[in-house]
4 protein chains.
Amino acid sequence: MHARLLAHEVPGLALAGVYDVNAAAASRVAGELGTRAAGSAEELLGDPAVDAVAICTSTPTHVGLLVAAAEAGKAVFLEKPISLDLAEVDRGLAAADAAGIFLQIGFNRRFDPAHASVREAVAAGELGELHLLRITSRDPEPPPIAYVRASGGIFLDMTIHDFDMARFVAGSEPAEVYARGEVRIDPEIGAAGDLDTAVVVLRHEDGTLTTIDNSRRAVYGYDQRVEAFGAKGMAASENPLAHSGIRRSAVGTAAARLPFFYLERYTPSYLAEWAAFERALRAGEPPPVSGADGRAALVAGLAAWSSAREGRPVRVAEVA
Amino acid sequence: MHARLLAHEVPGLALAGVYDVNAAAASRVAGELGTRAAGSAEELLGDPAVDAVAICTSTPTHVGLLVAAAEAGKAVFLEKPISLDLAEVDRGLAAADAAGIFLQIGFNRRFDPAHASVREAVAAGELGELHLLRITSRDPEPPPIAYVRASGGIFLDMTIHDFDMARFVAGSEPAEVYARGEVRIDPEIGAAGDLDTAVVVLRHEDGTLTTIDNSRRAVYGYDQRVEAFGAKGMAASENPLAHSGIRRSAVGTAAARLPFFYLERYTPSYLAEWAAFERALRAGEPPPVSGADGRAALVAGLAAWSSAREGRPVRVAEVA
Amino acid sequence: MHARLLAHEVPGLALAGVYDVNAAAASRVAGELGTRAAGSAEELLGDPAVDAVAICTSTPTHVGLLVAAAEAGKAVFLEKPISLDLAEVDRGLAAADAAGIFLQIGFNRRFDPAHASVREAVAAGELGELHLLRITSRDPEPPPIAYVRASGGIFLDMTIHDFDMARFVAGSEPAEVYARGEVRIDPEIGAAGDLDTAVVVLRHEDGTLTTIDNSRRAVYGYDQRVEAFGAKGMAASENPLAHSGIRRSAVGTAAARLPFFYLERYTPSYLAEWAAFERALRAGEPPPVSGADGRAALVAGLAAWSSAREGRPVRVAEVA
Amino acid sequence: MHARLLAHEVPGLALAGVYDVNAAAASRVAGELGTRAAGSAEELLGDPAVDAVAICTSTPTHVGLLVAAAEAGKAVFLEKPISLDLAEVDRGLAAADAAGIFLQIGFNRRFDPAHASVREAVAAGELGELHLLRITSRDPEPPPIAYVRASGGIFLDMTIHDFDMARFVAGSEPAEVYARGEVRIDPEIGAAGDLDTAVVVLRHEDGTLTTIDNSRRAVYGYDQRVEAFGAKGMAASENPLAHSGIRRSAVGTAAARLPFFYLERYTPSYLAEWAAFERALRAGEPPPVSGADGRAALVAGLAAWSSAREGRPVRVAEVA
């Protein structure tokens with residue numbers, strides 16, 4: 001998906017090549033997009049014509065590639081989470097820092113126009129002092145169980161987007177995390193040591209409270225909402241519908257369902273994310289989503305796991 | 001309904017008594033509301049303690065009662081239409097004028113907060129110069145065929161509310177009327193010489209165009225919408241739903257149906273209508289809906305019938 | 001408000017009289033509604049023509065009046081909370097039980113058609129197994145500080161409605177309560193030992209999770225929403241708007257605000273509550289909201305206070 | 001826009017080359033899309049590797065190119081209107097017919113999922129017998145006056161989409177057209193012999209009535225709605241908003257504006273149009289929008305101009 005966007009849809013960026021451990025997949029994508037399939041990641045990192053790399057591989061490979069890209073002096077776009085291991089995260093960020101490279105983390109939801117409008121309302125002071133955030137984030141169906149096992153669990157794989165959203169909208173760091181989860185959807189998820197249904201309460205440093213709820217299976221579609229409530233009013237991103245047709249009969253009104261999943265809902269946000277990458281990189285400005293942002297969301301996720309396991313609110317300082 | 005509102009819900013007005021040609025009905029209502037059932041309309045008109053009368057009888061009796069009330073010097077609330085006969089209307093209005101009484105016509109929809117918000121947007125200049133109005137007005141089910149026969153037909157019974165709405169929102173008189181109707185719902189309505197499905201195009205004196213559509217049977221509920229479109233924007237009254245509950249599943253979103261009919265939709269507008277009556281009468285101000293308003297809507301309806309019968313646009317001046 | 005509804009709006013119930021410690025207030029209401037102002041509560045309880053009493057006095061007087069009404073064999077409608085003291089609640093319920101009287105607690109929100117539609121979707125199995133509830137309940141403005149001081153605090157005064165809603169919709173008892181609150185709106189509320197902004201997480205006995213958020217000041221109106229999410233779909237009660245008018249311009253779309261407070265939003269639910277009272281009492285059926293319901297919501301509130309004070313999730317069994 | 005979609009977004013179709021009378025424009029587009037800029041239309045029509053051509057040139061060139069493409073045996077996608085001259089239309093359709101080529105007319109709105117859902121509701125019988133259609137179609141701003149002069153006027157340039165929509169949704173031909181227009185937006189449009197604000201009433205052969213309203217300047221965005229009303233219910237395509245963010249304050253609710261124009265609203269419909277072209281062409285099925293569809297919409301437009309000029313309803317048979 002990222003390759004396709006980069007090849008055709010982002011003015012100012014061109015696709016120099018693709019690499020995948022699955023060489024056949026890389027060849028196919030390269031063929032479709034009219035670019036080359038590199039024989040190794042190193043080949044791309046060593047190519048002086050390459051200005052930037054997008055690291056969208058499996059999580060355990062992130063930090064190694066980040067360090068290599070930093071050493072090669074490339075700008076980096078890195079998918080979340082940076083790593084499931086905080087020491088590894090710090091190693092990667094230190095390398096990026098030392099090399100002075102541009103590093104942007106892939107929290108695409110910040111670029112969704114509806115979510116962004118909530119942040120803008122807060123940042124512009126339209127809501128006054130912020131009191132409460134409510135974030136809903138429910139996937140239409142669980143990933144394969146093998147993915148679940150390697151994912152770091154719901155709080156590092158799924159809620160991590162919501163931790164980022166909470167930080168982004170509130171503009172204040174989470175100080176305390178209370179998490180409560182259940183296995184309601186698939187016992188196999190439980191057997192893998194994970195949860196599939198969860199709620200989280202954050203207390204931010206400035207006293208703002210955030211509630212998050214997650215589910216691995218919302219059969220009615222991809223439910224993604226953020227709501228901010230403050231002294232002067234509220235702002236919210238509601239769910240778009242698949243289309244705007246309706247029907248009315250004697251028994252009621254029928255409208256379309258939600259978008260099925262992230263491709264239906266968030267493709268414009270991926271595009272905007274890349275446009276922001278290009279703009280900031282070219283202008284020499286800091287990345288719109290920094291490595292520190294990636295780290296902070298992970299820390300909140302680790303605190304959530306501690307809380308869920310120990311049955312008590314956990315201060316972020318205990319984890320970070 | 002009016003009696004009940006007057007008895008309990010309108011501060012500043014008290015119910016002095018009721019009269020109905022059906023004495024049993026009058027007795028029952030009087031008993032329920034703790035007031036007297038008068039033996040005749042004259043008894044109420046002759047009572048010096050009565051300040052105002054609400055004439056909500058069948059249309060053919062309107063003008064006679066209006067003239068009697070005018071002679072008795074009572075303030076009058078008169079349900080629409082004043083009469084189906086323009087000469088009768090003029091006789092009634094002349095009597096009211098001669099007596100100098102306060103006369104308000106029952107176009108309650110002006111007092112619906114959503115429709116009123118459209119008028120306010122126009123009046124405040126928020127839409128700039130007005131270009132177009134769209135009015136939808138569909139009943140959930142036809143009245144009894146006996147009622148249809150005496151009603152003056154769809155344009156005088158049903159569209160008359162929309163003609164008033166067009167005048168009210170546009171603030172400009174209709175100059176030309178084109179009406180096209182069909183019998184799609186009940187052949188008996190056609191046999192009675194009436195139509196059950198109709199569209200009307202008005203050209204107002206200032207060049208604004210209005211479209212109206214009507215149906216005698218909208219099985220999904222009472223569909224009542226007004227939309228105004230101008231140089232700077234648009235305003236609309238959308239349909240409220242019966243309640244704000246929704247359900248989402250894999251196949252779509254379900255919401256409530258429309259309000260069934262006028263009692264479910266317009267009771268607050270009847271209350272506001274009475275409050276406006278009381279306020280204007282007490283303050284010595286002109287009535288919020290005048291006898292001339294009642295006459296103008298009738299004239300538009302008569303022009304619509306001419307248009308539908310002759311298959312051509314008809315200038316209002318041909319009728320008035 | 002209750003007296004006015006009973007006097008005019010509830011077929012099958014008639015207002016036999018009113019009593020208030022403030023005799024002038026009682027006289028005024030009695031005059032307006034055409035009923036008598038009793039000299040004492042005992043006068044009404046001793047009147048054999050009185051079948052039922054509505055106890056809508058200040059909370060500390062509830063149990064005493066309930067016991068007296070039980071001894072007099074009257075059916076009772078009792079406003080929530082029964083008492084702030086669990087032993088007192090049990091004393092009142094025991095008296096009601098011993099006398100075998102009909103006792104209904106005033107959780108009116110169960111009768112709101114939108115909230116009720118959420119419960120119906122759950123009860124009908126349309127959502128499948130329930131996983132999550134989200135309840136928002138925000139008042140437009142705080143009560144006077146004197147009221148706050150006597151109210152039992154936010155969890156017993158305000159969240160108690162949401163505890164009832166969670167039990168009502170989920171059909172499963174809360175087993176564990178985590179509550180986190182802040183003083184963000186008015187330091188005087190904090191000085192009174194109360195909170196003005198709070199979130200609560202419930203774990204029900206069946207594993208369902210509920211989040212609740214409350215605020216004492218939502219300047220944009222009375223924000224009241226319930227959302228239930230299960231294996232087959234979701235149901236929600238969204239906020240109605242004050243009216244259905246909209247405006248569109250080049251900068252956006254404007255719609256009406258929320259209803260201001262409970263009178264604007266919940267008057268139909270109060271009416272439905274009384275109709276259900278009348279229906280159940282006449283049919284000899286159990287009350288739609290029982291004394292046990294009133295007790296259970298109080299217990300959840302007491303657990304919430306323990307949780308907020310001790311900074312840990314509290315099992316309901318610790319309190320009850 | 002079409003070239004870009006064809007180059008990257010339509011599986012099963014590849015862009016073989018582009019031609020434009022403006023050679024520089026063609027070269028630029030060809031360069032961007034990695035295809036060749038042909039030296040003439042004939043070059044593309046003569047290339048045996050080319051299976052199909054998209055004729056998106058100015059209207060007066062349509063029929064000549066259609067005839068040439070037919071003689072070359074190419075499948076054709078032709079933008080609306082086929083021609084402003086009915087004899088020319090018939091010449092083009094005869095050539096296409098004689099050559100037996102696949103010919104699809106560019107009424108993209110049929111492929112908008114919301115409008116399509118209205119048609120589906122009608123076609124599936126969900127609305128019962130159809131009674132009324134309401135179509136709103138308002139552009140955000142007028143085209144340049146030079147374009148207006150060559151456009152055939154509002155009814156052939158703009159309303160032609162709505163005539164097609166009326167035929168598509170109703171499944172019944174217009175039999176009579178009444179059109180009323182005004183110049184409210186720009187006197188230059190009037191000086192060019194055109195109108196900028198118009199309403200149209202259609203009576204279809206089966207008795208269904210359609211109202212259409214058009215404006216050349218809806219400052220609040222691209223207003224595109226279709227509503228169908230029948231014996232069993234109604235279906236409508238409402239306007240999508242630019243995004244789903246909202247804000248609430250004490251004065252009201254604010255939401256996003258409408259999409260600005262057709263690119264923001266209808267890009268998915270263009271894609272679906274091309275997918276339908278590819279699917280039908282490959283399957284040997286008739287085109288989803290035929291040459292006869294293109295002709296019928298033009299005929300309705302010509303009847304609308306007669307009606308507007310003569311001030312009377314015009315039977316389509318008078319024009320066709």
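Chain letters run A, B, ... following the sequence lines, proteins first, then strands; residues in each count from 1.
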*Applying a criterion of heavy atom separation less than 4.5 Å, what residues of residues 160-174 of chain B form contacts with chain C?*
none

*Against chain C, work out which of B:Gly34, B:Ser237, B:Ala121 has the most heavy-atom pairs shorter than 4.5 Å and name it.*
B:Ala121

*Below 4.5 Å, heavy atoms only, C-beta onward: do C:Ser117 and B:His243 meet side chain to side chain?*
yes

*Any idea which of B:Gly233, B:Ala228, B:Pro113, B:Pro268 has the most non-hydrogen atom pairs under 4.5 angstrom with chain C?*
B:Pro113

*Which answer fits B:Asp112, side chain, backbone, both or neither, if we ask what part of it has an atom under 4.5 Å from a heavy atom of chain C?*
neither

*Which of C:Gly245, C:Ala242, C:Ser244 touches chain B most, by non-hydrogen pairs under 4.5 Å*: C:Ser244

*asked:* Check this for me: B:Phe260, atom CZ, are more than 12 non-hydrogen atoms of other residues, nucleotides or ligands nearer than 6.0 Å?
replied: yes

*Give the intermediate values and the outcome of side chain to side chain contact (heavy atoms under 4.5 Å, CB included) for residues C:Arg247 and B:Met234.*
CA-CA 6 Å; C:Arg247 296 183 195 182; B:Met234 68 91 82; over 6 Å; no

*Measure the CD1-CD distance between B:Ile246 and C:Glu227 for me, rounded to the nearest 0.5 Å.*
7.5 Å

*Go through the atoms of C:Glu126 and report whether side chain, backbone, both or neither lie under 4.5 Å from a heavy atom of chain B.*
side chain

_Within residues 1-11 of chain C, residues adjacent to chain B where the heavy-atom gap is under 4.5 Å_ = C:His8, C:Glu9

